[in-house]
Each structure stands twice: as C-alpha cells, then as structure tokens.
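The block underneath contains the structure these notes are about, expressed in structure tokens.
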Amino acid sequence: MTFADHNPCRMRFTPFAPLPGDELCEGAGGRLWLEALSSRAKGTAKSPFGRARAYARTAAVTHLVIEPGIIRCWINENTGPAPAPRTYAPQPSPTIHIPVLDHGQWRDLTVITRHLADRLARLPAENVLQEIAGTGARNGIHLLPALNQCRASCICSSRSALCKHAATALIQVARCLDAMPLVLLLLRGRSPVDFFAGLQDPDHLSLHHHGSRHLPLPPVTSAHLAFEEWEHAARPPLPPVISPPEQSATPVLPRVGGFDGQSLAGLAADTAQRAHSLLRTLTKDATATTSPADILAEADGDGGSPVSRQLPRIPLQQRLRELQEATGMTKAELAQAVRDWGLDG
C-alpha cells in the first residue's frame, strides 16, 4: 500500500496487499478504528466484518480514497480465470458517508488539546491519534465514528445495511490508519496540517468561523497582575492564641531504680516551671526588642527557679554512688566519661 495523492483534502492509497490471515491490524490506529465501529469487528464469519475478511483475501482492493466525510473504494473481483468474451461484470465500488465534525466541535477539540501540543510533538503518530481521540471523547467530542453513523452505498444486490464490499472498505481503512493514523482527522473534516497549526496559533484561519459554537478561551492574565490581586486580596484572620494555664502542672514520674525519687521530682518540677514561665512570656504582647536571653532571665532571675532552690544539696560522693549503681560503671569509667564529655567534674 502506497500513498498516491498529494492533495491536502484527499488521500488516495493504492495498491493494497492481500489481507493477512492472522492479525487484522498491527498498529493502534487501526485497532481504535475497528473497536469504535463495533466491538465485534473481528467477530464470527457470519457477521459483516467476518464475511468481509474472507472476501478481502480473494478480492483485490485497487484504490481507496479518503476525503472529508467520504470513503471511496474500488474492488477488482477478476482475480480468477479470464472471463468469457463479450461479457461485462461491473466491479463493486462501495462508497461510505460518515458525518464530519462541525466547526464548533473542531474548535472545541483544538482548545482542549492545546495544552498537549508539546507532548504530542514527541509522540509517534499512532499515539498522537490515541491522545487526541481520548481527550475529545472525555469532553463529548467523538473523533472515532460508530458503525450506525456509516451510510454505505454499493452497486451489489445485497439488501443489508452493510454489504461485504462496504465492510471490506472499512477494514481497509483500518489498514490505512495503521500506516497513516492522522488520516482520521481528514475523514472527520479537518486537514491534519490545519489542526496542528491551530494548536500552535490560536488565531489560525481554520479556527475562525462566524456563528459557530465554541468553548470560551481561557482569560490571559499576566503574572504581575495576578500577584497584585493576590497581595491585596482580603484574608481571613488568624485564630486567637490560647492562653496558658495560671499554674504549671507538676509532673508525676514513675519510680526509677538507682536514682533518688525526690531529686528527679525536683528536677522535673523545675523544668515544668521554666517551660510555663517561657510560655507565658512568649504569649504576652512583648516588645520587638525582647530576646531569648531576656525571656530566660525573666523566667529565672538568679539562675535558678524557686523549686530548684528548695532542693537539698547532694554530696558529690553520693552522686557518684548513685551514678555507679544506675549505670554499672566504675569510678575510673565515670571519670573518663566526665573528661570525654567536658563536664569538668
């Protein structure tokens, strides 16, 4: 199959190789076409497509022309022995009419696909068709036609709505879409060149048509104006700061072996008091010159809290014994740890 016409409004394919006996379509374009026409396009031999597959293996399709809304096909059935002289057998030439998308639908499809222009430029043609058809279908614009939209006419004596010649033409269109997937755009009324030009240029001539329905174009707003609107927009007030309790709660500690319970309780109460004083200071309306050192000084004027000043002084030897019992270390190991940590006794 070769492309034999350079008219942007008509594509002619000739000749066609015999229909293969295994897989009907090898590309995504043909599969999308057949699935849209009928879920049973590859069905039994009694269905129109089944009869057409058997027929297409013997009858040669010499030409197939695709124009906006029209499929024309010429079939040569004289592939057997030479006919008798002075006999004339008309060759079937089915014509299939498919409604095209109106100008408003093409404009809508262009607008909703415009954000994919950079991505489509990097995809193969069959994936481009799949993206465009999927985007349109999700927005109510069906690029792929259904079987009930195809009106076929043929010189044969078949009384069915879709004779084997017309079904053969539809199958051969699937093979055309395998080779050139974007031919579907032309069949539905828009040249692929015009469609992709409209993706790049919103003012392209193909998008202008008076009286057509179309989706409104998104408003164009500069980043500077958008920031100005955001900066001066009213914002809801922040929630009020919850006041801390008047008195700090004294923590209740579990009994820990190896340490004096009174000492641990005093240290915990001292820490809680410091945290409470800091929280109250931070939640007040302090001046901008207040520093963390000032807050600590306010929380503890002379370096120790009232709770810590009430603690009894524990001798150093008693502290060492308690640390030895709690950690299991010797005096030498404790002294080395003190030197390593830089506590200086």
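The basis for the numbers below is simple: all heavy atoms, side chains too, and nothing from hydrogens, waters or symmetry mates.
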Check: Ile71 and Thr95 side chains under 4.5 Å, non-hydrogen atoms | no
Has the side chain of Asp178 got a donor or acceptor atom that lies under 3.5 Å from a matching backbone atom of Gly30?
-> yes
Answer yes or no: is there a donor N or O on one side and an acceptor on the other, between the side chain of Asn139 and the main chain of Ile141, under 3.5 Å?
-> no
Taking all non-hydrogen atoms of both residues into account, name the closest pair between Leu37 and Cys150 and its distance.
-> CD2-SG, 3.9 Å
Gln172/Phe13 under side chain to side chain contact (heavy atoms under 4.5 Å, CB included): CA gap, chis, key distance, verdict = CA-CA 10 Å; Gln172 298 295 359; Phe13 299 87; over 6 Å; no
Report yes if some heavy atom in the side chain of Leu32 is under 4.5 Å from a heavy atom in the side chain of Gln130; otherwise report no.
-> yes
Using the six-membered ring of Trp230, assess whether NZ or CZ of Arg235 lies under 6.0 Å from its centre and within 45 degrees of the ring axis.
-> yes
Is any side-chain heavy atom of Cys73 closer than 4.5 Å to a side-chain heavy atom of Val61?
-> yes
Minimum side-chain heavy-atom gap Leu116-Thr113 below 4.5 Å = yes
Are any side-chain N or O atoms of Gln149 and backbone N or O atoms of Ala146, one a donor and one an acceptor, separated by less than 3.5 Å?
-> yes
For Ala117 and Leu199, the nearest pair of non-hydrogen atoms, with its separation, is CB-CB, 4.4 Å
Minimal heavy-atom distance between Leu64 and Cys176, with the atoms involved, is CD2-SG, 4.0 Å
Do side-chain atoms of Arg188 reach the backbone of Pro99 as a donor and acceptor pair under 3.5 angstrom?
-> yes
